[in-house]
Chemist: 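Sharing a structure here in C-alpha cells format.
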Amino acid sequence: QTGSANTNPSDSADDEYITSVSIGTPAQVLPLDFDTGSSDLWVFSSETPKSSASGHVTYSPSKSSTAKKLSGSTWSIEYGDKSSSSGDVYTDVVTIGGFSVKTQAVESATKVSTQFVQDTVISGLVGLGFDIGNQVSPRPQKTWFSNAASSLAEPLFTADLRHQETGSYNFGFIDTSLAKGTIGYTPADGSEGYWGFTATGYSVGGAQLNRNSITGIADTGTTLLLLPDNIVDAYYNNVESAEYDDSQEGVVFDCSEDLPSFSFGVGGQTITISGDLLNLTPIEEGSSTCFGGLQSSADIGINIFGDVALKAALVVFDLGNERLGWAQK
Ligand SMILES: Cc1c(C=O)c(-c2nnc3c4c(C[n+]5cc6c(C)n(C)c(C)c6c(Cl)n5)n(C)c(C)c4cnn23)c(C)n1C
C-alpha cells in the first residue's frame with residue numbers, strides 16, 4: 001500500500017507547507033504542517049480555548065464515532081522558535097494521501113502559544129520524526145508514519161517541497177521522476193528523534209565542493225537553512241550588499257542583488273540551491289531589502305537543513321534502512 005498527498009506553501013515566503021489530513025468518522029479535514037523535526041501529531045480542537053481557536057479549523061472528537069479518549073495521557077511541546085502547545089490525547093483514524101492508520105494518537109490542544117494562534121493557515125502539526133521524540137506522557141505514542149510503515153509497500157516517505165508551487169509527500173514509494181539527479185543515500189541518526197545526517201562539504205557559486213563535513217538534520221518544519229557562522233560568512237562575502245540586521249536577527253541584502261548558489265555534498269551527490277531560492281522574501285511588504293534563506297545556526301547548537309535546502313531536492317526519509325536519500329531536482 002502507498003499514500004500520496006499534495007503540499008502547498010502557506011505564503012509568498014514559503015514559510016511553511018500545508019497538507020490536508022482527514023481525522024475521525026465522518027472525516028474532519030484539517031490543514032496541517034508536516035514536520036520531520038518533531039514526533040507529535042497535534043491539532044487545534046473543540047478543547048482549544050475559543051479565543052485561541054478563532055480562525056482555525058478544529059477537530060471535535062465528540063463528533064467522531066471512532067474517537068476514543070486515551071485517558072490519563074497528556075502532552076506538551078516546545079519548538080525551535082519557542083512556540084509551544086499542550087493538551088490531552090485521543091485515538092482516532094487518521095488518513096493522509098489515501099492511506100489510513102486506524103488507531104492514531106491525536107493530541108488535542110488545550111493550550112497554544114501566540115505564534116500558533118496567529119498562524120491561522122495551519123491547525124496543527126504532523127510529526128514525522130522518530131518515535132523516541134514523542135512528548136506524550138506517561139506512555140509516548142507512535143507517529144503516523146511509524147504506525148503506517150509496516151503496512152506500506154516500503155517503510156519510507158519522500159518530501160518534494162517546491163517554491164511557490166504544489167509539491168508532495170509520498171508514502172511507501174519513491175517517484176524518481178520528481179528528481180533530475182541520482183538519489184544519493186547517507187546514514188540517518190534517529191537517536192535524538194530527528195533525521196540527523198552528515199553532509200560532506202559545501203561550495204558557493206558552483207565552485208569545487210570543499211571537504212568540510214556538516215552534521216545537521218533534515219527538517220521540513222523549519223523554514224530556513226541554518227548553518228555555522230564560517231559557512232554563512234563565506235556565502236555572504238559574495239553578496240556585496242549583505243549585512244547583519246539586528247532587528248531582523250539575520251543577514252539582509254538588496255532584493256535586486258543576484259545571489260550566488262549554495263551547494264552541499266551528501267551521499268555522493270551534490271545538491272545545489274539556486275540563488276533565487278536563497279532570497280527568501282522582502283523584510284516587509286514592498287521593501288527593497290530582502291531576508292536571506294541561509295542564516296546562522298550558532299545560537300541553536302544544531303545545523304538545520306530546512307525548507308530552503310529541501311526545496312532543491314527530492315528527499316527520501318527511509319526508516320527501514322535508517323538512511324536519508326537526496327537527489328537534485
Ligand atoms: C531553532 C529554530 C527553529 C527550528 O525549527 C526555527 C523555526 N523555523 N521555522 C519554524 C517553525 C514553523 C514554520 N514557520 C516559520 C515562519 C517564519 C520564519 N515566519 C516569518 C512565519 C510567519 C512562519 C511560520 Cl507561520 N511558520 N512552524 C510552523 C513552527 C511551529 C516552527 C518552529 N520553529 N521554527 C527557528 C526560528 N529557530 C531559531
Side-chain angles (χ1 to χ4, degrees), residues 7-19 21 30-44 48 52 55-57 75-87 107 109 111-129 133 135 159 161 163-164 167 169 192-196 214-229 232 244-252 277-285 287 289-311:
T7 191
N8 289 293
S10 64
D11 60 18
S12 59
D14 300 343
D15 277 319
E16 58 193 344
Y17 286 79
I18 298 166
T19 309
V21 175
L30 279 72
L32 302 181
D33 180 11
F34 285 19
D35 180 14
T36 57
S38 65
S39 307
D40 287 63
L41 191 166
W42 72 266
V43 292
F44 275 72
T48 311
S52 299
H56 289 265
V57 178
W75 60 281
S76 176
I77 195 163
E78 183 176 274
Y79 294 98
D81 65 354
K82 305 288 178 243
S83 59
S84 61
S85 49
S86 59
E107 300 168 34
K111 236 169 106 185
V112 289
S113 66
T114 45
Q115 296 100 316
F116 287 116
V117 172
Q118 290 164 354
D119 185 7
T120 52
V121 292
I122 58 166
S123 293
L125 269 69
V126 175
L128 294 173
Q135 301 293 297
L161 303 184
H163 173 57
Q164 293 301 287
Y169 283 97
E192 302 292 315
Y194 311 119
W195 287 86
I214 312 163
T215 297
I217 66 172
D219 184 358
T220 58
T222 291
T223 307
L224 304 179
L225 170 56
L226 301 168
L227 295 178
D229 283 339
V232 174
Y244 187 85
D245 180 326
D246 286 322
S247 66
Q248 295 296 322
E249 292 186 330
V251 178
V252 301
L277 283 184
L278 285 156
N279 178 343
L280 203 66
T281 179
I283 56 171
E284 55 203 44
E285 195 71 25
S287 168
T289 302
C290 278
F291 193 77
L294 168 60
Q295 297 292 344
S296 168
S297 63
D299 302 348
I300 303 168
I302 185 172
N303 298 311
I304 303 181
F305 292 77
D307 300 339
V308 162
L310 301 174
K311 273 181 261 184

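Just follow the structure's listing: the first ligand is 1, and inside any ligand the first atom is 1. All heavy atoms count here, side chains included; hydrogens, waters and symmetry mates do not.
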Chemist: Which atoms of ligand 1 have any heavy atom of D33 under 4.0 Å away?
Modeler: 28 (C)
Chemist: In terms of atom number and element, which parts of ligand 1 are under 4.0 angstrom from non-hydrogen atoms of D119?
Modeler: 25 (Cl)
Chemist: Hey, which atoms in ligand 1 end up nearer than 4.0 Å to a heavy atom of S83?
Modeler: 30 (C)
Chemist: Strictly distance-based, threshold 3.5 Å: is any side-chain N or O of S113 a donor or acceptor partner for the main-chain N or O of S84?
Modeler: yes
Chemist: Between atom CG of D35 and atom CG of L128, what is the distance when rounded to the nearest 0.5 Å?
Modeler: 7.5 Å
Chemist: Report the nearest protein non-hydrogen atom to atom 31 (C) of ligand 1: residue, atom name, distance rounded to 0.1 Å.
Modeler: D81 OD2, 3.4 Å
Chemist: Near T223, which atoms of ligand 1 are under 4.0 Å from a heavy atom of that residue?
Modeler: 8 (N), 9 (N), 13 (C), 14 (N), 15 (C), 16 (C), 18 (C)
Chemist: Would the distance check show the side chain of D40 and the main-chain N or O of Q135 forming a donor-acceptor pair, the cut-off being under 3.5 Å?
Modeler: yes
Chemist: Spell out, as yes or no, whether a donor-acceptor pair under 3.5 Å connects the side chain of S287 to the backbone of P282.
Modeler: no
Chemist: Give the residue, atom name and distance (to 0.1 Å) of the protein heavy atom nearest atom 22 (C) of ligand 1.
Modeler: D15 OD2, 3.7 Å
Chemist: Would you say Q164 has more than 12 foreign heavy atoms packed within less than 6.0 Å of its CD?
Modeler: yes
Chemist: Should one rank S296, G80, G221 by closest heavy-atom distance to atom 10 (C) of ligand 1, which comes out on top?
Modeler: G221
Chemist: Which atoms from ligand 1 have a heavy atom of Y79 less than 4.0 Å away?
Modeler: 32 (C)
Chemist: Hey, mind stepping through I217 and W195 against side chain to side chain contact (heavy atoms under 4.5 Å, CB included) and telling me if it holds?
Modeler: CA-CA 5 Å; I217 66 172; W195 287 86; 5.7 Å; no
Chemist: How far is atom 28 (C) of ligand 1 from its nearest protein heavy atom, and which residue and atom is that?
Modeler: E16 OE1, 3.0 Å
Chemist: Which ligand 1 atoms are under 4.0 Å away from a heavy-atom of F116?
Modeler: 30 (C)
Chemist: Looking only at non-hydrogen atoms, which of I300, T222, D299, D11 approaches atom 4 (C) of ligand 1 most closely?
Modeler: T222
Chemist: Quick check: do D14 and D307 have side-chain heavy atoms less than 4.5 Å from each other?
Modeler: no
Chemist: Can a donor-acceptor pair be found, under 3.5 Å and without considering hydrogens, that links the side chain of T220 to the backbone of T36?
Modeler: yes
Chemist: Can you find a non-hydrogen atom of G37 under 4.0 Å from ligand 1?
Modeler: no
